[in-house]
Number of protein chains: 2
Amino acid sequence: MANEFALESIEVSSSPRERFVEYLQSRGKRVTQQRLQIVDRIFERHDHFDADELIASLGQVDAKISRATVYRTLDELVDAGLLKAMTLTGRRVYEHDYGYPQHDHLHCKKCDQLIEFASDELVALRDAVARKNGFRVTGHRLIISGICADCQKKQNRAKSPLDLI
Amino acid sequence: MANEFALESIEVSSSPRERFVEYLQSRGKRVTQQRLQIVDRIFERHDHFDADELIASLGQVDAKISRATVYRTLDELVDAGLLKAMTLTGRRVYEHDYGYPQHDHLHCKKCDQLIEFASDELVALRDAVARKNGFRVTGHRLIISGICADCQKKQNRAKSPLDLI
DNA sequence: TTGCGTGCAAATCTTTTGCAGAATG
DNA sequence: CATTCTGCAAAAGATTTGCACGCAA
């Protein structure tokens, strides 16, 4: 599920870690080793990931952090506005929400890759639909599914020789 | 999660039950009492529903069908193109896909209601984005979340008197 | 008759929770 | 020091699966 970011990052004044500490303190929560390791690891190299991938990557560098703590911290990071969560194939996947512009995804059914794209038109369309329905929008999630360019190539490469028989 | 359809149905030549039988036979699968009861029940009154709601409704009219069989049959109905599935709040919800036009949803966070809407613009936008990315589209899912008109009213009704204190 | 399908219960998978001890403010 | 956190293990919620028997073709 790892994947490079397609969009430019937004200029932000403080690091994700600083933001998280701010968030924790503002709520009287404690700044623990585990919480810091988790933010650091997430914002150092992850973009789209699920709980298991994060747990695996934590096991390599840091002291082992329990599954429960990872789940609890992920919830806090979403709460703090640093991460965004969505449910893909049954499992929850997360992505950075701090320092990145609003965007949506193309999801490849073959390789599970997520490709990002931003569209102002889409937001306008969304707001128009909502207005028409007296609906107060808080957000949206568009996932376009299909086959990515790479997988189409692979498919053709694998098929062509046989097609000639 | 029950909800009326907002869109007109498309004219279809055969009933969902007939379609399902066709599908089963074309694959050498058997036409069983359970499978028939399930299609009938679903297309007689459900639109958006989850496995549990279906199981509950089956328990009332028909002979009890096991949970496992319901899950297995739902998969087959999706496969047959009669139902569409999406994951909402952790659980899978289904809706009719046969005899209904492509559409998307507004999802109320308060009452969990799904409101349907169709937008050609959205499809055009989707295809444009895909084309730009060399992506072959097979479908998409847009969920606009927020608060529906009804829940906004309820909220105001409950709040106003207290706000005056 | 020949399997495919069903029901049951047990197994999975993912996420959540209760609790005693560890760490933070 | 008073609490909040963590880790562990057990619980929970949803869906899947193995298996023996029943039923469609």
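All values below come from the heavy atoms of this structure, side chains included, with hydrogens, waters and symmetry mates left out.
Using a 4.5 Å heavy-atom cutoff, the side chains of B/Arg91 and B/Asp52 are not in contact. Counting only heavy atoms from C-beta outward, the side chains of B/Leu77 and B/Asp97 never approach each other to under 4.5 Å. Counting heavy atoms from C-beta outward, A/Val21 and A/Leu36 have side chains that approach closer than 4.5 Å. The shortest distance between side-chain heavy atoms of B/His140 and B/Asp104 falls below 4.5 Å. Between A/Leu106 and A/Glu116, every side-chain heavy-atom pair lies at or beyond the 4.5 Å cut-off. Proximity of A/Arg126 to A/Val137: side-chain heavy atoms (C-beta onward) are separated by under 4.5 Å at one or more points. Annotation: side chain of B/Tyr100 is not in contact with side chain of B/Asp47 (no heavy-atom distance under 4.5 Å). Proximity of B/Lys154 to B/Cys111: side-chain heavy atoms (C-beta onward) are nowhere separated by under 4.5 Å.
No donor-acceptor pair under 3.5 Å is formed between the side chain of A/Glu76 and the backbone N or O of A/Phe20. Under the 3.5 Å distance criterion, the side-chain polar atoms of B/Thr138 are matched with a main-chain donor or acceptor of A/Ser145. One N or O on the side chain of A/His96 and one on the backbone of A/Ile42 form a donor-acceptor pair closer than 3.5 Å.
Under the rule for a ring pair (Phe, Tyr, Trp, His ring centres under 6.0 Å), the partners of B/Tyr94 that lie at least two apart in sequence or sit in another chain are B/Phe49.
Of all nucleotides in DNA chain C, those with any atom nearer than 4.0 Å to a heavy atom of chain B start and finish, going 5' to 3', at C/dG3 to C/dC8. When DNA chain D is scanned in the 5' to 3' direction for atoms under 4.0 Å from non-hydrogen atoms of chain A, the outermost contacting nucleotides are D/dA2 to D/dC8.
A heavy atom closer than 4.0 Å to some atom of DNA chain D occurs in no member of residues 79-87 of chain A. Of all the residues in residues 27-34 of chain A, A/Arg30, A/Val31 reach under 4.0 Å from DNA chain C with at least one non-hydrogen atom.
Computed from C1' positions of five pairs at each end, the angle between the two local axes of the helix from C/dT1-D/dA25 to C/dG25-D/dC1 equals 30°, rounded to 10 degrees.
Across all strands shown, A/Arg67 has heavy atoms under 4.0 Å from base atoms, whether or not it also approaches the sugar-phosphate. Counting any heavy atom pair closer than 4.0 Å across all strands shown, A/Arg72 reaches a base atom.
In this structure, A/Arg72 does not pair ionically with A/Asp75, as no charged nitrogen and carboxylate oxygen lie closer than 4.0 Å. A salt bridge links B/Arg27 and B/Asp79; the closest N-O separation between the charged side-chain nitrogens and carboxylate oxygens is under 4.0 Å.
Open room surrounds CD on A/Glu121; 12 or fewer heavy atoms of other groups in view lie less than 6.0 Å from it.
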